[in-house]
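Take a look at the structure set out below.
Given the structure is predicted, the values throughout are model-derived calculations rather than measurements. All ligand and atom numbering here is 1-based and tracks the order in the structure. For this chain, numbers begin at 1 and follow the sequence in order.
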Amino acid sequence: MSSNLEALVQDAAQQFAEAADPASLENAKARFLGKSGALTALLKGLASLSADDKRAEGARINQAKVQIENLLTERRQAMADERLQARLAQETIDVTLPGRGRGVGGVHPVIRTWQRVEEIFRSIGFDVADGPEIETDWFNFSALNNPENHPARSMQDTFYVDMKDSGGLPLVLRTHTSPMQVRHARTHQPPIKVIAPGRTYRVDSDATHSPMFHQVEGLWIDEHISFAHLKGVYTNFLRCFFETDDLVVRFRPSFFPFTEPSAEIDMMFTSGPNRGRWLEISGSGQVHPTVVANFGLDPERYIGFAFGSGLERLTMLRYGVDDLRQFYEGDLRFLRQFNQRL
Ligand code: PHE
């Protein structure tokens, strides 16, 4: 290789080394390998040489070109390495920092009540049933001995499904869980011992009512299930649920079309901050013979009780919540109190 070419290679090595960033390196490359670069000019100069000289000189120029290309590749690589090292030095990860964590959901207080209610009733041999929230008029009202003109069917209380959407079948958002008595009893043989927790809907909204709320239905049907069983089961349930024996229960005469006799169940704590005040907690009664017949059972033979309790109400009493709407506002400051991890 002529000293001329050697000098050119040296020059390229120096310029590449001096290039401080990728842009200057590419500029330096252009000065040697580009269209109007030094090597290109030399190759053009070959035209004036004889064939032998052309071959010999051409080989030398190509050798120099390969050397310069290698130098360029090395320098590019070195530059990329430097950049990576700089980034690694700068972006250190502090593995001792606590993790950011993921937002873990929590169990809603009303659902917690739902779960506890299931647990308690399962422990005394009740099944747990589930059914549709969009219910037929028949299951929600008629089968429960609720006459056509009963005010519970009126437009103020009930969400009706537009007949256009139901194909002409009268459908409602169930106003209580009592239709589950009929659904379950028609598909099971006595002894029937079941609870059915779930969502219910009424056109109603204030501090103690929400258009969507939860109930748990209870039903025990056999050959001689009496009010005494209801009293025992329900009192036991309340004592388990509130984790205290310091409460008393009373049955106050009431009316429901699907029970006869009917009673409101009231309870009173005999110790603690809420003691001494009767609290209404549940509807109940002995299942009406017409309803037993609608179960597909002989009312002369089968008898029993039903109750329907509000899960929000139980939750409010257990935790001292005074406005039911708080359950459905999604305010984390409220919900966090029931879930440390939220
Ligand atoms: N379904 C009634 C209500 O929603 C409660 C109830 C259930 C009463 C079962 C008696 C028996 O008010």
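- Here's the thing with Q215: one of its N/O atoms is less than 3.5 angstrom from an N/O atom of ligand 1.
- At a 4.0 Å heavy-atom cut-off, ligand 1 touches S284 through the backbone alone.
- Only the side chain of F258 comes within 4.0 Å of ligand 1, judged by heavy-atom distances.
- Checked against a 6.0 Å centroid threshold, the rings of F121 and F307 count as neighbours.
- Remark: aromatic rings of Y319 and F338 are close, center separation under 6.0 Å.
- Both tests hold for R183 against F139: distance to the six-membered ring centre under 6.0 Å, angle to the ring axis within 45°.
- Ring centers of H176 and F258: under 6.0 Å apart, within the cut-off.
- F269 does not carry R277 over the face of its six-membered ring by the limits of under 6.0 Å from the centre and within 45° of the normal.
- Every atom of ligand 1 is numbered from 1 in the order shown, and the set under 4.0 Å from a heavy atom of A306 is 9 (C), 11 (C).
- Residue contacts with ligand 1: H176 is placed with a nitrogen or oxygen under 3.5 Å of a nitrogen or oxygen of the ligand (distance criterion only).
- Listed by number with element, the atoms of ligand 1 under 4.0 angstrom from any heavy atom of Q181 are 9 (C).
- Those atoms of ligand 1 that come under 4.0 Å of a heavy atom in R202, given as number and element, are 3 (C), 4 (O), 12 (O).
- Seen from the ring of F241, R318 counts as a face-on cation partner, given the 6.0 Å and 45° thresholds.
- For atom 7 (C) of ligand 1, the closest non-hydrogen atom of the protein is G308 N, 3.2 Å.
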